[in-house]
Amino acid sequence: MTPPDTPPDVAVCWDVDGTLLRGGVVGREVLEQAFTTVTGHPAPEEQVLMPGRTDWLIGEALRDALPDEHATSLRGRGDAFGHDMIAEVGAEWGRREPDLADVAHTLPGIPETIAALAAEPGVVQTLTTGNVRAGARAKLAAVGLTDGPIDLALGGYGEGPGERVRVVTAARDALAARYGTSPTLVVVGDTPLDVEAAHRAGAIAVGVATGGATLAQLHASGAEHVFADLADPGRLVAVVRSAREDRHAASRGGG
C-alpha cells in the first residue's frame, strides 16, 4: 500500500455503474426527476442511451430529445441549464440515497480486487465516473466501499460540460495536485466510452463486460485489456503490475 505522502506509480480509476456495482433503477429515476424539476417536462428517457455518458451529457441529451419548442428554449440557457440540472441531481440523491440499500450490490470479485490492489506498493485507487459526486458516494456507501481504499477526493465526476474525457483529466489533475506528479492511469470501465475517454487522456484502458457492452464491443473499442468480469482479482493486479514495471523501465531509460 502506498503511504499517504508517497507519489504513487499507478492510479486505478474506477467507473461505478456496471463496473464496480449495480444500483438498480434508482440512478435513472434520480436523473428523470431532476430533469422534470428543472424543466417542467417529463424526461424522454426512452430516447436517450445513458450508459457511459456523464450526468451533464445525459441532461443535455434529455433536453435535446424534447419537442423543438421546448428544447430550443432550454438550449438558449447555455451552460446554466447544465449547472441547474447537476445541482438538482445532487439534491435528488440526498432524497433517494436510502433507496439504494435494498438494490445495490457489487459485481463479481470487486471487493477482493479492490483489497488486492490496496496491498500493491505504489498503487492508489479513485473514481472516473459519469456520476455526480453525491451519486457516486451514495452508490459506494450502499455497498460498503466508501470507507475503503478508493479515494473519492482524487476522482473525476460528471458535473461539468464537455465529453467524458474530462472526468479522467480531472482525476489526473487531482493526483498531480496532491502528489506533485501524475502517475500512470489505469481506467477500468464497462463501455467503449470509458475506453475512449481513457485513451484521449493518455491512460491505459481496461474493459470489463459486466455492464453496458459485450466483450466484442470492448475489444473493438481498442481497450488494452478486456475481461468478462473481475471475479479473479489477479487479472487487474497483473495489469497494474505491468503498468508499474513499464513506468519504472521508462524512468530508467529502458525500452
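Counting from 1, the numbers follow the sequence of the chain as shown.
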**Request:** Considering only NZ, NE, NH1 and NH2 on the basic side and carboxylate oxygens on the acidic side, decide whether R95 and E88 come within less than 4.0 Å.
**Result:** yes
**Request:** Verify the cluster assignment for I150 and V239: are they in a single hydrophobic cluster under the rule of side-chain heavy atoms below 4.5 Å apart?
**Result:** yes
**Asked** Hey, which of L107, T210, I110 is the one that makes side chain to side chain contact (heavy atoms under 4.5 Å, CB included) with D229?
**Response** T210
**Prompt:** Taking only residues two or more places apart in sequence or in another chain, which ones pass ring-ring contact (aromatic ring centres under 6.0 Å, His included) with W56?
**Reply:** H83
**Message:** So, taking the atom named OG1 in T54 and the one named CZ in R166, what distance separates them when rounded to the nearest 0.5 Å?
**Reply:** 7.5 Å
**Message:** When you group the ILVMFWY residues by side-chain heavy-atom contacts below 4.5 Å and let the links chain together, are V208 and L127 in the same group?
**Reply:** yes
**Fill in**
Taking every heavy atom of H41 against every heavy atom of F35, the minimum-distance pair comes out as O-CD2, 3.6 Å
**Asked** CG/L218 to CG/D190 distance, rounded to the nearest 0.5 angstrom?
**Response** 7.5 Å
**Item:** A171 versus G156, closest heavy-atom pair with distance
**Value:** CB-N, 3.9 Å
**Asked** What distance separates L74 CG from E69 CD, expressed to the nearest 0.5 Å?
**Response** 11.0 Å
**Request:** Could you walk me through whether W14 and T113 pass side chain to side chain contact (heavy atoms under 4.5 Å, CB included), step by step?
**Result:** CA-CA 12 Å; W14 294 98; T113 300; 4.0 Å; yes
**Message:** Would you say Q33 and T37 are linked by a side-chain donor-acceptor pair, where the criterion is simply a distance under 3.5 Å?
**Reply:** yes
**Message:** Is it the case that over 12 heavy atoms from other parts of the model lie below 6.0 angstrom from the CZ atom of R137?
**Reply:** no
**Request:** Evaluate side chain to side chain contact (heavy atoms under 4.5 Å, CB included) for V123 paired with D9, printing each intermediate quantity in order.
**Result:** CA-CA 6 Å; V123 176; D9 298 311; over 6 Å; no
**Item:** Minimum heavy-atom distance between T181 and P7, given as atom pair plus value
**Value:** CG2-CB, 3.9 Å
**Message:** The test is side chain to side chain contact (heavy atoms under 4.5 Å, CB included); show your working for D64 and Q47 and say whether it passes.
**Reply:** CA-CA 10 Å; D64 293 344; Q47 300 180 48; over 6 Å; no
**Request:** Side-chain contact test, heavy atoms from C-beta onward, threshold under 4.5 Å: evaluate it for V206 versus V186 and give yes or no.
**Result:** yes
**Asked** What pair of heavy atoms forms the shortest contact from V195 to G222, and how long is it?
**Response** CG1-C, 4.1 Å
**L215 atom CG: more than 12 heavy-atom contacts under 6.0 Å** = yes
**Request:** Using the rule that two of Ile, Leu, Val, Met, Phe, Trp, Tyr join whenever any of their side-chain heavy atoms come within less than 4.5 Å, decide whether V143 and V132 are in one cluster.
**Result:** no
**Fill in**
Taken in chain and number order and not counting sequence neighbours, the residues that satisfy ring-ring contact (aromatic ring centres under 6.0 Å, His included) with H219 are none
**Fill in**
Rounded to the nearest 0.5 angstrom, the SG-CD1 distance for C13 and I204 is 10.5 Å
**Asked** Does a side-chain heavy-atom distance below 4.5 Å link V167 with Y157?
**Response** no
**Message:** Using modelled atom types and a 3.5 Å cut-off, is there a donor and acceptor pairing between side-chain atoms of Q217 and backbone atoms of T214?
**Reply:** yes
**Request:** Measure the shortest side-chain to side-chain distance between R53 and R164 over non-hydrogen atoms and say whether it is less than 4.5 angstrom.
**Result:** no
**Request:** Report yes if the side chains of E45 and V48 come closer than 4.5 Å at any heavy-atom pair, otherwise no.
**Result:** no
**Message:** Within the 4.5 Å heavy-atom criterion, are D55 and L31 side-chain neighbours or not?
**Reply:** yes
**Prompt:** Among the clusters formed by ILVMFWY side chains lying less than 4.5 Å apart, do L193 and L62 turn up in the same one?
**Reply:** no
**Inter-residue atom distance E159.CD - T129.OG1, 0.5 Å rounding** = 10.0 Å
**Item:** Any residue meeting side chain to side chain donor-acceptor pair (under 3.5 Å) with R133, in chain and number order, not counting sequence neighbours
**Value:** none
**Message:** Is there a path of hydrophobic side-chain contacts, each under 4.5 Å between heavy atoms of I/L/V/M/F/W/Y residues, joining F227 to L21?
**Reply:** yes
**Message:** Assess the residue pair T6 and Y179 against the criterion (side chain to side chain contact (heavy atoms under 4.5 Å, CB included)); give the C-alpha distance rounded to whole Å, side-chain angles, the decisive distance to 0.1 Å, and a yes or no.
**Reply:** CA-CA 7 Å; T6 302; Y179 296 107; over 6 Å; no
**Request:** Would you give the length of the straight line joining atom CG of L236 to atom CD of Q125, rounded to the nearest 0.5 angstrom?
**Result:** 8.0 Å
**Message:** Donor-acceptor check, side chain of E224 to backbone of A205, threshold 3.5 angstrom: yes or no?
**Reply:** yes
**Prompt:** Can you name the side chain to side chain donor-acceptor pair (under 3.5 Å) partners of E196, sequence neighbours left out?
**Reply:** none
**Prompt:** Given side chains that start at C-beta, do those of V237 and L117 come closer than 4.5 Å, heavy atoms only?
**Reply:** yes
**Message:** How close do V103 and G23 get, counting heavy atoms only, and between which atoms?
**Reply:** CG2-O, 3.6 Å
**Asked** So, do V124 and V12 sit near enough that their side-chain heavy atoms are less than 4.5 Å apart?
**Response** no
**Message:** Please enumerate all residues that pass side chain to side chain donor-acceptor pair (under 3.5 Å) together with E163, with sequence neighbours excluded.
**Reply:** R200
**Prompt:** Do T128 side-chain atoms and V168 backbone N/O form a donor-acceptor pair below 3.5 Å?
**Reply:** no
**Asked** Below 4.5 Å, heavy atoms only, C-beta onward: do L20 and I114 meet side chain to side chain?
**Response** yes
**Message:** Set out, in order, the CA-CA distance, both residues' side-chain angles and the distance that settles salt bridge (Lys or Arg N to Asp or Glu O under 4.0 Å) for D151 and R178, then state yes or no.
**Reply:** CA-CA 12 Å; D151 190 336; R178 178 181 294 184; 2.6 Å; yes
**Message:** Filter on side-chain hydrogen bond (donor to acceptor under 3.5 Å, both in side chains), then keep only pairs touching residues 139-150, sequence neighbours left out; what's left?
**Reply:** D17-K139, N131-K139
**Minimal non-hydrogen separation, P161 against D79, with atom names** = CG-OD2, 4.0 Å
**Prompt:** Does a donor on one side chain sit under 3.5 Å from an acceptor on the other, for R172 and S182?
**Reply:** no
